[in-house]
Amino acid sequence: MSSDTIADIITSIRNADMARKRAVRVASTNISQSIVKILLREGLIESARKHRENNKEFLVLTLRHKRNRKGSYRNRFNLKRISRPGLRIYSNYQGLPRILGGMGVVILSTSRGIMTDREARLEKIGGEILCYLW
């Protein structure tokens, strides 16, 4: 794993979705737990549970897939990392982007914790844009 845990989470979920895996295991950190809570609340994953193995904690995420496997397969998750260690992207609450006209979700890190763009607009606070989900 690299030093960018958010990119690791996003890449693991995206790869598991493309490979049609039902579950994916990601490292358990405070940031990853906050992002997983948002994914659960938005309905993009079914469940998450903690798993301990060799004195390391992991989060096991159960992905939500369509039951019908016939025909072509469309990816369920479209995740894009925006702010990264080499280039941080910040925005105030008025300048937060609207993904797909508000149907997508922007996850950002604020002074009050990690939250979605809708919550940040309600609380009128900005922060670092972490990723887009649609």
Can you list the residues that meet the side chain to side chain contact (heavy atoms under 4.5 Å, CB included) rule with [X], with sequence neighbours excluded?
X      : value
Ser34  : Ile114
Glu123 : Arg112, Met115, Ile125
Lys124 : Tyr93
Arg118 : Glu42, Val105, Thr116

If the condition is side chain to side chain donor-acceptor pair (under 3.5 Å), which residues does [X] pass it with, not counting sequence neighbours?
X     : value
Ser32 : Thr29
Thr62 : Ser47
Ser83 : Glu128

Distance-only donor-acceptor hits, side chain of residues 51-58, under 3.5 Å, sequence neighbours excluded:
from	atom 1	to	atom 2	distance (Å)
His51	NE2	Glu53	OE1	3.4
Glu53	OE1	Arg25	NH1	3.4

Salt bridge (charged side-chain N to carboxylate O under 4.0 Å, His left out) partners of Arg84, counting only residues at least two apart: none

Set of residues satisfying salt bridge (charged side-chain N to carboxylate O under 4.0 Å, His left out) with respect to Arg98, sequence neighbours excluded: none

Using the rule given for side-chain contact (heavy atoms from CB on, under 4.5 Å), can you reason through Cys131 versus Lys80, listing the C-alpha separation, both sets of side-chain angles and the distance that settles it, and then say yes or no? CA-CA 5 Å; Cys131 61; Lys80 184 176 182 185; over 6 Å; no

Under a single-linkage rule joining Ile, Leu, Val, Met, Phe, Trp and Tyr whose side-chain heavy atoms are separated by less than 4.5 Å, which residues share a cluster with Leu108?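 Grouped by the 4.5 Å side-chain rule, Ile82, Leu87, Ile89, Leu96, Ile99, Leu100, Met103, Val106, Ile129, Tyr132, Trp134 form the rest of the cluster around Leu108.
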
Trace of the side-chain contact (heavy atoms from CB on, under 4.5 Å) decision for Arg81 with Leu130: CA-CA 6 Å; Arg81 176 81 158 119; Leu130 299 178; 4.0 Å; yes

Joint hydrophobic cluster, Ile31 plus Leu61, side-chain heavy atoms closer than 4.5 Å: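 As far as the 4.5 Å side-chain criterion goes, Leu61 and Ile31 are connected within one cluster.
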
Salt bridge (Lys or Arg N to Asp or Glu O under 4.0 Å) partners of residues 26-40, not counting sequence neighbours, each pair once: none

In this structure, are over 12 heavy atoms from other groups packed under 6.0 Å from Leu40 atom CG?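 Yes, CG of Leu40 has more than 12 neighbouring heavy atoms, counting only those of other groups under 6.0 Å.
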
Measuring from Ile10:CD1 to Thr5:OG1, what's the distance to the nearest 0.5 Å?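 Between atom CD1 of Ile10 and atom OG1 of Thr5 there are 9.5 Å.
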
